[in-house]
> 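I'd like to ask some things about the structure below.
Since this is a predicted model, take the numbers as computed values, not measurements.
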There are 2 protein chains.
Amino acid sequence: MSSTAELIDRAQNLAAAAGRPVEPSHGRLNPLGLREVRIEGGFWGERQELNAGAIIEHCEHWVDKMGWVDNFDAAVEGRLPADRTGREFADSDVYKLIEAMAWEIGRTNDSAMDARLRALVARIAPVQEEDGYLNTHFGRPGQAAKYSDLQWGHELYCYGHLLQAAVARGRTVGDDQLVQIARRAADHVCEVFGVGGIESVCGHPEIETALVEFSRYTGDPRYLEQARLFVERRGHGVLGDIEFGRSYYQDDVPVRDATVMAGHSVRAMYLAAGAIDVAVETDDEDLVSAIIGQLSETLAKRTYITGGMGAHHEGESFGADFELPSDRAYSETCAGVGSIMLNYRLLLATGDSAYADVIERTLFNVVAASPAADGRSFFYTNTLHQREPGSVPSGDEASPRASSSLRAPWFDVSCCPTNVARTLASLGAYLATSSADGLQIHQYAGGAITAPVAGGTVGVTVSTEYPVQGLVRVEVTDTVEGEWELTLRVPGWASVGATLTENGETRAVEPGAVSIRREFAVGEVIELSLPMAARWSAPDPRIDALRGQLAVERGPLVLCLESTDAPGITSVNEARILTELLDRTDEGEGVTVALREVTVADSGWPYGTGAVAGDDAPVTRAALRPYYSWANRGPSTMRIWLPVVGSDSVVPA
Amino acid sequence: MSSTAELIDRAQNLAAAAGRPVEPSHGRLNPLGLREVRIEGGFWGERQELNAGAIIEHCEHWVDKMGWVDNFDAAVEGRLPADRTGREFADSDVYKLIEAMAWEIGRTNDSAMDARLRALVARIAPVQEEDGYLNTHFGRPGQAAKYSDLQWGHELYCYGHLLQAAVARGRTVGDDQLVQIARRAADHVCEVFGVGGIESVCGHPEIETALVEFSRYTGDPRYLEQARLFVERRGHGVLGDIEFGRSYYQDDVPVRDATVMAGHSVRAMYLAAGAIDVAVETDDEDLVSAIIGQLSETLAKRTYITGGMGAHHEGESFGADFELPSDRAYSETCAGVGSIMLNYRLLLATGDSAYADVIERTLFNVVAASPAADGRSFFYTNTLHQREPGSVPSGDEASPRASSSLRAPWFDVSCCPTNVARTLASLGAYLATSSADGLQIHQYAGGAITAPVAGGTVGVTVSTEYPVQGLVRVEVTDTVEGEWELTLRVPGWASVGATLTENGETRAVEPGAVSIRREFAVGEVIELSLPMAARWSAPDPRIDALRGQLAVERGPLVLCLESTDAPGITSVNEARILTELLDRTDEGEGVTVALREVTVADSGWPYGTGAVAGDDAPVTRAALRPYYSWANRGPSTMRIWLPVVGSDSVVPA
């Protein structure tokens, strides 16, 4: 590991310039920052614009409207607890918003937003106590004592988001008031929760990954050590038992002994992200292996086709292996964000492009699904099957956490909108990495990338209509003397038909990563062509909820049937699909399918001789469209997994 | 309606002698009591013995061990709130236990149990305040104010169970200290919650049905009117909104406007039972129709094959129509008890034997499934698919409400064991009814029945091995001059092959009810023969969770595959059934099936080309056994719905 002085130097110079959200001291791949990877137009460019033009402002409006910023003023003015609003963790959404703004300012140099960020920080600063403690929910007369409720209090969780916001600020603008607040908070955490202090953990992991990143940013190894302590303590029953069981907050099994993700899915993902951060920085190969094994099992047995995680509304948790009901999918947006955090860290550590596959799937089918087309309402949970249209949430009131299937402008527990905002603002960083050898492009979006390699800086521009089309055009704009390696990910789903074209020659490439090692000339173009024809996916037979059903995917997009697109049928619940894809083209985002409606004999009891097969029902056509775009045209029913004609049970003759 | 004086007379004499849990002033059928219907041996006789010999004593032990009885002593001794244990509603489990004991004493004249009951009541009595208020959780210094939390406080719910216990006592022994306590509590409720008082309701319905029954018992119309007020107030948002939404406690839609049961399933069932009680007593035909319609929709679209209700762990609630996942079935034991309460009231009101069908299904496949074979542990939830064996709950500690799939001795929220106990103790009453015309037998168990009819009393003995065998032998032991009508229910599942034999002649009978109207001679025998061959059931095609799966039922029993009975396969999750039932006989409780194991290609991602169909896997045989008996032989996996060979999805060629 580098010396502290070197680390500080690096953090202050390189990182501040590059805007890298995650910067491990070592790993197979090096991160790039959002000033090194610029997205321009296309699918993700449009979403960054939506974030800049609507989502962040929407979040600013709502944290204000909900009184969550006023909580800080109220603390200063002695109006707490009377005037406190929001749940225990309301402070954290202000911090996550600030993180989103910080990355956005780093990306665009938006000076008006910068002024608003400074104003927010200035309202938070005076709430911090002499010893660094900072929270609006605890410690005052009439409030519970500080750290009296580690299970549910979220104090350390709030610091975690504060630290992440500070890292965003530090790595884009440099040390400012926010970084100073964070440093005092981090010192306070080490003081209070270090060896001999409160030897426990926070009910909601987040402080772990934040402390490691803050250690990376500041170069102070104390923060890393504190994160390590938090990771190691967990799983030994240091928190009390609760109705959901200790697995809810991963306090039932030590992190390095767990074999699969369990319990609250956001907690599980944040914890694993922190654990891999600790493992990398401490060269703890066992811990790295444990996390890799857990994620592998989780992806194989506990993840939705969208990349979504969490099968239980109860406890917002993972279910048992293969317990993945479409209509009760929790698949919290924040769990998707957490999965991206974890997979990105593992991509950096191992270089395995399979992690980038998961990131792609989750970005397109969870994160992109959350905000409405106008950026002013959000999915908290991301169901895979909407049985009933449901009612439209109020545009003016926060919704209960997960009660509505339609996007709501805000939630009583509103972690998701600000999580989407900070992810979109920092998205550039997730697209590409570098090594001494060269540049790796993992996610395809139009824009420009520069990367430090041995011998200088290389650069490319990427032109693509992905995922509408599968052609990705990479033009070298900057090169170095001698050989270097350009690596392009070939997604796992592109098992047949992906090609690479260079120097006028086209060759087939396999899923994984295709690398070109040679000298490059400025102006030369490499083209990756990915097969974008819609394709069927069948579920593992152990997923009972999906028996007899198929899904259609196109490129990285999971498609769905929305009732809006199938006016010929009663509801998506009665639709049965004929297994032939119609009007397949390699352009556009959807595909047409043929449907028959199953005939259901109404009776007073739903168990008997079974369905009428519906073989003679008229065939209608319906467009399958990308899942991320559903529910933007009014209340509807929707399903990703489509029952095949003839799959309904009948009693044997 | 009769005059008050007449009602009192009737309650004190007839009802006290008969031991009838429910006694509407009018209806198509009249209830019989547990002194009129005596169960001897057989399936339900064994369970009544288990209740008498183990379950009730087990509950006495645990309410004591948990400190829930001491709460009353602590109240008297001024040790509250410091010494209070249990949840808000802990008092209610003591009351439900007393109700169980009261019915049991009425059934068996167990004098030792009678002494214990009196001792319990004597500890409760001094806690009642001058104005009738009685609760260990509210109103003292350091406790929340009385009625300050109607949403979650359960004060009226506790009175409800107190009143039901008093009715049990009154109708078996007559007015005693418990009835006096209940009367003061009921008067207090009318005082405080009457017109001009607190015009709200309890978050958990129960007081409604209890007040009506107490009104029937005492003849005091005030209690009925108060119940009517509670029913009518509900659904207008009189309780606050909560995270689960107001539908959780049925405060979103007025009772008479609802079209289907929704929200917390126990609450929904108890409320509907109370509403039908009010409707019957006030001749409110609209309300009767509303409840009938709601139950009809609920049975057709929101009920498990076991009769179990509640598809969500989150909020312990009903799901959407046809959202009935086997592996997340909540199917709380208490919801089964509530369903029996409701269906019994509708059977009395309408005479429709379809309600007795539901009672039978729920008794055999929910209530009977809850207690272990030794009566010392219980299912709180009743899953239809156990994916993983799980761990054995501690025999010494209460379990979290619904975390374990194995029976636990007690729960932090322990409504179910005492609910099973009071149901089994009073079970006789649910077996048969009478009318001026004659006697109706709805549930088949060996024993003796006497019933008042016009002109005197008729009596029969029933001999049967039901449900092991399908023969029910009814011998007339007591008759009256002239014609009367003996009615036997032919269950809905007995659609082919049921026969009735009288006077040496056998004829086919159809599902519904078969009535014989004529003169009867003492000693003559009528035989009903029900077809007990195992039979397939296929699900409504809109139940996505059951696509490609079949269940096997035998008589009133739902069968299941438990891993214990299929040692040749890896787990029930991989078993695929061949659609031929082997070794079918008309005796015994199970049946043998042939299984193949599906081959699953292990991969890192569970969505791809689908299953290997497993057509060439070796065939093993396994016994399907009654669902109620599962998990009595150590940890296991289990499923009711069996995927058919070839039902697994594969990607189209």
> Using 30° and 60° as the class boundaries, would you call the ring planes of A:W641 and B:Y607 parallel, tilted or perpendicular?
tilted
> Less than 4.5 Å apart, side chain to side chain, heavy atoms only: is that true for A:V260 and A:Q294?
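No, every pair of side-chain atoms sits at 4.5 Å or beyond.
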> Using heavy-atom distances under 4.5 Å, tell me whether A:W493 contacts chain B through its side chain, its backbone, both, or neither.
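Contact with chain B is absent: no heavy atom of A:W493 under 4.5 Å.
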> Using non-hydrogen atoms only, which part of A:T579 is less than 4.5 Å away from chain B: side chain, backbone, both, or neither?
both
> Return the set of residues passing ring-ring contact (aromatic ring centres under 6.0 Å, His included) with A:F318 (not counting sequence neighbours), or none when no residue passes.
none
> Select, from B:G492, B:P325, B:S495, B:S537, the one with the greatest count of heavy-atom pairs under 4.5 Å involving chain A.
B:S537
> Quick one: do B:D648 and A:R547 make a salt bridge, cutoff under 4.0 Å?
yes
> Does any backbone or side-chain atom of B:V644 lie under 4.5 Å from a heavy atom of chain A? Answer side chain, backbone, both or neither.
neither
> When you compare the side chain of B:T306 with that of B:L384, does any pair of heavy atoms fall below 4.5 Å?
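Yes, close enough: below the 4.5 Å cut-off.
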> Using a cut-off of under 4.5 Å for heavy-atom pairs, which of B:E297, B:R328, B:Q549 has the most such pairs with chain A?
B:R328
> Check whether B:E388 reaches the backbone of B:G390 with its side chain - one donor and one acceptor, N or O, closer than 3.5 Å.
no
> So what's closer than 4.5 Å to chain A heavy atoms on B:S647: side chain, backbone, both or neither?
both
> Where does B:A545 contact chain A at under 4.5 Å (heavy atoms): side chain, backbone, both or neither?
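Backbone of B:A545 only, per the 4.5 Å heavy-atom cut-off to chain A.
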> Give, as side chain, backbone, both or neither, the part of B:S326 having an atom under 4.5 angstrom from any heavy atom of chain A.
neither
> Can you say whether A:D321 sits under 4.5 Å from chain B via the side chain, the backbone, both, or neither, judging by heavy atoms?
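Looking at A:D321, backbone and side chain both touch chain B.
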> Under a 4.0 Å N-O cut-off, is there an ion pair linking B:K301 with B:E323?
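Looking at B:K301 and B:E323, the cut-off is not met.
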> Answer with side chain, backbone, both or neither: which region of A:L324 has an atom nearer than 4.5 Å to a non-hydrogen atom of chain B?
side chain
> Less than 4.5 Å to any heavy atom of chain B: does that hold for the side chain of A:S571, its backbone, both, or neither?
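Neither part.
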> Do you know which of B:L546, B:V651, B:D544 has the most heavy-atom pairs with chain A at a distance under 4.5 angstrom?
B:D544
> Against chain B, label A:R387 side chain, backbone, both or neither, depending on which of its atoms sit under 4.5 Å from a heavy atom there.
side chain
> Among B:I305, B:L550, B:I242, B:D327, who wins on heavy-atom pairs under 4.5 Å with chain A?
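Winner by heavy-atom pair count: B:I305.
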> List in chain and number order the residues that pass ring-ring contact (aromatic ring centres under 6.0 Å, His included) with B:Y249, two or more places apart in sequence or in another chain; answer none if no residue qualifies.
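Residues passing ring-ring contact (aromatic ring centres under 6.0 Å, His included) with B:Y249: none at all.
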> Can you tell me which portion of A:E574 sits under 4.5 Å from chain B's heavy atoms? Options are side chain, backbone, both or neither.
side chain
> Taking every non-hydrogen pair under 4.5 Å, which of B:L299, B:I543, B:V358, B:D241 racks up the most with chain A?
B:L299
